[in-house]
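Bear in mind the structure is a predicted one, so any value in this text is a computation, not a measurement.
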Amino acid sequence: MKRILHYVELPPVWLALFAALAWLQARLFPMDATGRAGDLIGTGLVAAGLAVSGWAALHFLLERTSLIPRERPDKLVTTGLFRVSRNPIYLADTAILLGLILIWDALPSLILVPLFMKVIEARFIRREEALIRAHFGPAFDAYCERVRRWL
């Protein structure tokens, strides 16, 4: 059971859960509101989210530091996408969720987007920030003053 909970506490699992809720809503209460525009915008958001997530993850790898939420990073990454957002991967996950909602025409599920952001902030970001602040201290505080949490 502990091993299962270990995997549940990963952000992609939460993204999959929220996406599944949107998909289910779209199947139970189908709509045809966004049409081709929703498909195009949604696909663009999903593609952008995947690209940003991959780019940010690559940046962690190149810096030789952990991108696992529970692990303390060896380096404070403040370059690349991290000059614009302290959490570009979570921002990318949010874009993916929004894109899927548009593709599936699951407009009532738009409420899931801010809810997803709040869950991610509560379950991951706040703990990560405390861990990073404890390790990097004033350097992290200075970074937080320059760069917003989301965008």
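No donor-acceptor distance shorter than 3.5 angstrom exists from the side chain of Tyr143 to the backbone of Pro138, with no hydrogens or angles considered. Judged by distance alone, the side chain of Thr65 and the main-chain N or O of Asp74 form a donor-acceptor pair under 3.5 Å. Between the Ser53 side chain and the Gly49 main chain, no donor and acceptor come within less than 3.5 Å of each other.
The environment of Arg36 atom CZ is sparse: at most 12 non-hydrogen atoms of other residues, nucleotides or ligands sit within 6.0 angstrom. More than 12 heavy atoms of other residues, nucleotides or ligands sit less than 6.0 Å from atom CZ of Arg146.
The closest side-chain heavy-atom distance from Leu102 to Leu107 is below 4.5 Å. With contacts defined as side-chain heavy-atom distances shorter than 4.5 Å, the pair His59/Pro88 does not qualify. Phe60 has its side chain within reach of Ile89: a pair of non-hydrogen atoms, C-beta onward, lies under 4.5 Å apart. Residues Trp150 and Thr94 form a side-chain contact, since some pair of their non-hydrogen atoms from C-beta on lies under 4.5 Å apart. Proximity of Asp93 to Ile120: side-chain heavy atoms (C-beta onward) are nowhere separated by under 4.5 Å.
Ala26 approaches Ala106 most closely through the heavy-atom pair CB-CB, 3.9 Å. Scanning all heavy atoms of the two residues, the minimum distance from Val147 to Arg86 falls at O-NH1, 2.8 Å. In plain terms, the two heavy atoms of Arg133 and Asp141 that are nearest each other are NE-OD1, 2.7 Å.
Val52 and Leu62 sit in two unconnected hydrophobic clusters of ILVMFWY residues. Membership requires side-chain heavy atoms under 4.5 Å apart, directly or through other members.
Here Arg149 contributes atom CZ and Ser85 contributes atom OG; the two are 10.5 Å apart, rounded to the nearest 0.5 Å.
Ring to ring, Tyr90 and Phe116 are not that close: their centroids are 6.0 angstrom or more apart.
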